[in-house]
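Step one of this worksheet: look at the structure below.
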Amino acid sequence: MQPGPSQNALRSCRTKTWRRPRLLPDPSMHRTVDSAVRVVRKMAASGEEPQILVQYLVLRKDLSQAPFSWPAGALVAQACHAATAALHLYRDHPHTTAYLQELGRMRKVVLEAPDETTLKELAKTLQQKNMDHTLWLEQPENIATCIALRPYPKEEVNQYLKKFRLFKGPLLA
């Protein structure tokens, strides 16, 4: 039996993907990572406690409730989109490179904002204070759903996030 055109197209696509040259990382990235690792090692050698980096996410609580009633998976996806976007946007920052060095030790904290207005007010405050973050907008509706900060030592962001509670969505209600 001869493979159909769709099977040939799929096989061709797989071959092209498999044979695509690998992208090489930017050499300057290694210098940034090295400097972040040196800072952590220096702190450890001096007896100082190394800074614990945390990525904070603030997710809209009202999306899980009527009239929206988004399913838990949709809310989790919004938080994932925002976190990924923030890590990508600030990938060259020494805190982000250090955070990504030990994937098994990453820390994330998901907080809840009661509504879109509160979420946008937080975004405005973070922008005014020059705190690196991204406000995720669900498309095509252009709905603000989540804010993700790049990884920060928690002492640097506590003052902006202290009024927000840990997220307790439909999975934890």
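Sequential numbering from 1 along the given sequence is applied to the chain's residues. Being a predicted model, the structure only gives us computed values, none of them experimental. All values below were derived from every heavy atom in this structure, side-chain atoms included, with hydrogens, water molecules and symmetry-related copies excluded.
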> Other than Leu89, which residues form its hydrophobic cluster under the rule that side-chain heavy atoms must be closer than 4.5 Å?
Replying inline: Tyr90
>> Just so I know, are the side chains of Glu112 and Lys168 near enough to count as touching, which here means a heavy-atom distance under 4.5 Å?
In response: yes
> Which atom names give the shortest non-hydrogen contact between Leu149 and Ile147, and what distance separates them?
Replying inline: CD1-CG2, 4.1 Å
>> According to salt bridge (Lys or Arg N to Asp or Glu O under 4.0 Å), does anything in residues 69-88 pair up with another residue at least two apart or in another chain? List the pairs.
In response: none
> So do the side chains of Tyr152 and Val54 get within less than 4.5 Å of each other, counting heavy atoms only?
Replying inline: no
> Going from NE2 on His81 to CG on Leu137, what distance comes out if it is rounded to the nearest 0.5 angstrom?
Replying inline: 12.0 Å
>> Quick check: closest heavy atoms across Glu156 and Gln159, and the distance to 0.1 Å?
In response: O-NE2, 4.2 Å
> What are the two closest non-hydrogen atoms of His133 and Ala123, and how far apart are they?
Replying inline: NE2-O, 3.5 Å
>> Quick test of your reading: applying salt bridge (Lys or Arg N to Asp or Glu O under 4.0 Å), list the pairs with at least one residue in residues 124-153, sequence neighbours left out, ordered by first then second residue.
In response: Asp132-Arg150
>> Are Val110 and Cys146 packed together at the side-chain level, in the sense that at least one heavy-atom pair is separated by less than 4.5 angstrom?
In response: no
> Shortest non-hydrogen contact from Ala82 to Ala148?
Replying inline: O-CB, 3.2 Å
> Side chains of His95 and Gln51: closer than 4.5 Å at any heavy-atom pair?
Replying inline: yes
For residues 113-122, which side-chain donor-acceptor pairs fall under 3.5 Å, sequence neighbours excluded?
| unit_1 | atom_1 | unit_2 | atom_2 | d |
| --- | --- | --- | --- | --- |
| Asp115 | OD1 | Thr117 | N | 3.3 |
| Asp115 | OD1 | Thr118 | N | 2.8 |
| Asp115 | OD1 | Thr118 | OG1 | 2.7 |
| Glu116 | OE2 | Ala144 | N | 3.2 |

>> A side-chain contact here means heavy atoms from C-beta on lying under 4.5 Å apart; do Leu63 and Trp70 qualify?
In response: yes
>> Using side-chain contact (heavy atoms from CB on, under 4.5 Å), reason through Leu75 and Phe167 one step at a time and then give a plain yes or no.
In response: CA-CA 11 Å; Leu75 293 174; Phe167 185 85; 4.2 Å; yes
> Under a single-linkage definition using a 4.5 Å side-chain heavy-atom cutoff for Ile, Leu, Val, Met, Phe, Trp and Tyr, are Leu57 and Leu53 assigned to the same hydrophobic cluster?
Replying inline: no
> Do Leu87 and Val157 share a hydrophobic cluster, counting only Ile, Leu, Val, Met, Phe, Trp and Tyr and linking them when any side-chain heavy atoms are less than 4.5 Å apart?
Replying inline: no
> For Trp136, which fellow cluster members are found when Ile, Leu, Val, Met, Phe, Trp and Tyr are connected by side-chain heavy-atom distances below 4.5 angstrom, either directly or through intermediates?
Replying inline: none
>> Test side-chain contact (heavy atoms from CB on, under 4.5 Å) on Met131 and Thr125; report intermediate values, then the result.
In response: CA-CA 9 Å; Met131 303 300 293; Thr125 300; over 6 Å; no
> What are the two closest heavy atoms between Thr96 and Arg91, and how far apart are they?
Replying inline: CG2-CA, 3.9 Å
>> Test: ring pair (Phe, Tyr, Trp, His ring centres under 6.0 Å). Region: residues 97-129. Which pairs qualify, not counting sequence neighbours?
In response: none
> So, do Leu59 and Leu111 sit near enough that their side-chain heavy atoms are less than 4.5 Å apart?
Replying inline: no
> Does the pair Thr97 and Asp92 meet the rule for a side-chain contact (heavy atoms from CB on, under 4.5 Å), with working shown?
Replying inline: CA-CA 7 Å; Thr97 54; Asp92 295 329; 5.7 Å; no
> Does the side chain of Ile143 come within less than 4.5 Å of Arg60's, by heavy atoms?
Replying inline: yes
> Is there a side-chain contact (heavy atoms from CB on, under 4.5 Å) between Leu161 and Lys154 once you walk through the steps?
Replying inline: CA-CA 10 Å; Leu161 303 175; Lys154 53 183 172 176; over 6 Å; no
>> If we count only N and O atoms by modelled type, under 3.5 Å, do the side chains of Asn158 and Glu155 hold a donor and an acceptor together?
In response: no
> Taking the side chain as C-beta and beyond, is there a heavy-atom pair between Tyr56 and Lys108 under 4.5 Å?
Replying inline: no
